[in-house]
2 protein chains.
Amino acid sequence: MDEPRWLDEREDRAWRGYRRMRRLLDLELARELMQDAGLSEPDYDVLSDLSETPEQRLRLSELADRMLWSRSRLSHHISRMQQRGLVTREECATDGRGSVVALTPAGRQAVEAAAPGHVAAVRRHLIDRLTPAEMSALGTLSQRVIDHLTGRVTGHPEAKD
Amino acid sequence: MDEPRWLDEREDRAWRGYRRMRRLLDLELARELMQDAGLSEPDYDVLSDLSETPEQRLRLSELADRMLWSRSRLSHHISRMQQRGLVTREECATDGRGSVVALTPAGRQAVEAAAPGHVAAVRRHLIDRLTPAEMSALGTLSQRVIDHLTGRVTGHPEAKD
DNA sequence: CCTACGTTGATGACATGTCAACCAAACTGC
DNA sequence: GCAGTTTGGTTGACATGTCATCAACGTAGG
């Protein structure tokens, strides 16, 4: 193992800043969402993903993949949301093993009630704090990191590879 | 409540990208850290914060504030880390209620063993994927969002206020 | 002093997330 | 068809985080 190459000042600033922003943003968005709509962020994400779908329903594994959750986690979470009447489980027509998660009317109503306030909070705490250039930079930088982590691409951003 | 103002394409790209990057980065860094050093990210953060301190020890509440954790969470976590011999609790000399968390030799050894690999992973998955301009943008943008959330500053980045 | 009130940290009950074991249905090749 | 394997999902045990509560202590005002 070579001697470690620590972060220089600029790198450290970006890394620590990113993590602190992350944490504060999470805390605040979760707080407001719970207060205004009675939903946790995971709740909201599930409802939101389902509502963006044409049929308001998704295979459990499909939803888990989109959210980057384990099937186990999603299964537990869906059970809890089912208890609260936000979603239901249906059998899958094409695969006897499968189960389909569907939004209930109450679930749809919950996202629709929550969404405007949540988007406004995201705007207030993040979007409106960014210059257009920063917004673009965040978008492209995120995408590049995602591509790298999902193995679609390697190499330094400058390298055309 | 006015009609909601949804995110436009650029905003949506930044927001979704940020969240996906966040999740993937977390999963990967946590995975490598656990595999290489047997530490969770919270473990590492505690040890790291303690090791950056002159005396290798901090008041529980001080550490909780730095990490943006609740005292309760930290208290529970310290108990678990104490079981594993990574930290100890000491009485506070100046305040009979207080307790001080201190790194044990094993704890110090654990961070020192973990740090090079962890920093390398941060570099590989994030830092090295960013152009210098993106790095700076991430730093300043984070700081601005942090300042806003901690009530130090308000207003749009352009507005000199 | 001493009393009222805020702070510090621990604790237990509970909510949530992870991990591994498991079952049943669906493929696979013969 | 059918044994062996893979896949989709559930489950229970356990790890972790949150919330309300509590006891001990500190601080300020009489």
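Just so we're clear, the structure is a prediction, and the values are computed from it rather than from any experiment. Keep in mind that the numbers below use all heavy atoms, side chains included, and drop hydrogens, waters and symmetry copies. The sequence lines fix the lettering, A, B, ..., with proteins before strands; numbering per chain opens at 1.
If you measure from atom CZ of B:Arg80 to atom P of C:dT11, you get 13 Å, rounded to the nearest angstrom. The separation between B:Met81 atom CE and D:dA15 atom P is 16 Å, rounded to whole Å. When the P atom of C:dT18 is taken as reference, atom CZ of A:Arg73 falls 5 Å away, rounded to whole Å. Atom CG of A:Asp95 is separated from atom P of C:dC23 by 19 Å (rounded to the nearest Å). Atom P of nucleotide C:dT16 and atom NE2 of B:His76 are separated by 16 Å, given to the nearest angstrom. Atom-to-atom, CG of B:Leu60 to C1' of C:dT7 comes out at 13 Å; the value is rounded to the nearest Å. Computed from coordinates, the A:Glu91 CD to D:dG9 P distance equals 12 Å when rounded to whole Å. Taking atom CG of A:Leu27 as the reference point, atom P of D:dG17 lies 13 Å away to the nearest angstrom.
Backbone-only engagement by B:Ser99 is indicated by non-hydrogen atom pairs under 4.0 Å involving sugar-phosphate atoms exclusively. B:His77 comes within 4.0 angstrom of the backbone, heavy atoms only, and of no base. The residue A:Ser61 sits close only to the backbone: its heavy atoms come under 4.0 Å of sugar-phosphate atoms, none of a base.
Evaluation of the salt bridge (Lys or Arg N to Asp or Glu O under 4.0 Å) test over residues 97-114 of chain A, restricted to residues two or more places apart or in two chains, returns A:Asp95-A:Arg97, A:Arg108-A:Glu112. For the salt bridge (Lys or Arg N to Asp or Glu O under 4.0 Å) condition, the pairs that include at least one residue of residues 61-71 of chain A, sequence neighbours left out, are A:Glu62-A:Arg66.
At D:dT10, one or more side-chain N or O atoms of A:Ser75 fall inside 4.0 Å of OP1 or OP2 (strictly under the cut-off).
Taken from NE2 in B:His125 to CZ in B:Arg129, the straight-line distance is 8.5 Å, to the nearest 0.5 Å. Taking CZ of B:Arg20 as the start and CG of A:Leu68 as the end, the distance is 4.0 Å to the nearest 0.5 Å.
Within residues 40-59 of chain B, the residues having any heavy atom under 4.0 Å from DNA chain C are, by residue number, B:Arg59. At a non-hydrogen distance threshold of 4.0 Å, nothing from residues 82-89 of chain B comes into contact with DNA chain D.
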Mind listing the N/O atom pairs, protein and nucleotides 5-7 of chain D, below 3.5 Å?
| residue | atom | partner | partner atom | Å |
| --- | --- | --- | --- | --- |
| D:dT7 | O2 | A:Arg97 | NH1 | 2.8 |

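At least one donor-acceptor pair closer than 3.5 Å links the side chain of A:Thr104 to the backbone N or O of A:Gly85.
Salt bridge annotation for B:Arg22-A:Asp26: present, with a cationic side-chain nitrogen under 4.0 angstrom from a carboxylate oxygen. A salt bridge links A:Arg16 with B:Glu52: the distance from a Lys NZ or Arg NE/NH1/NH2 to an Asp or Glu carboxylate oxygen falls below 4.0 Å.
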So B:Ser79 and B:Arg89, side-chain hydrogen bond (donor to acceptor under 3.5 Å, both in side chains) or not? Walk me through it. CA-CA 9 Å; B:Ser79 298; B:Arg89 267 186 243 251; 2.4 Å; yes
Is there a salt bridge (charged side-chain N to carboxylate O under 4.0 Å, His left out) between B:Glu32 and B:Arg124? Walk through the geometry before answering. CA-CA 12 Å; B:Glu32 291 187 26; B:Arg124 183 156 19 98; 3.3 Å; yes
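Between B:Thr94 and B:Ser70, the residue anchored closer to the 5' end of DNA chain D is B:Ser70, taking for each the nucleotide with the nearest heavy atom.
As a member of the Ile/Leu/Val/Met/Phe/Trp/Tyr network built from side-chain separations under 4.5 Å, B:Leu33 groups with B:Leu39, B:Tyr44, B:Val46, B:Leu47, B:Leu50, B:Leu58, B:Leu60, B:Leu63, B:Met67, B:Trp69, B:Leu74, B:Ile78, B:Met81, B:Leu86, B:Val87, B:Val101, B:Leu103, B:Val111.
Residues B:His77 and B:Arg80 have side chains that bring a donor and an acceptor to within less than 3.5 angstrom of each other.
Closest of all the heavy-atom pairs between B:Ser51 and B:Gln56 is O-NE2, 3.5 Å.
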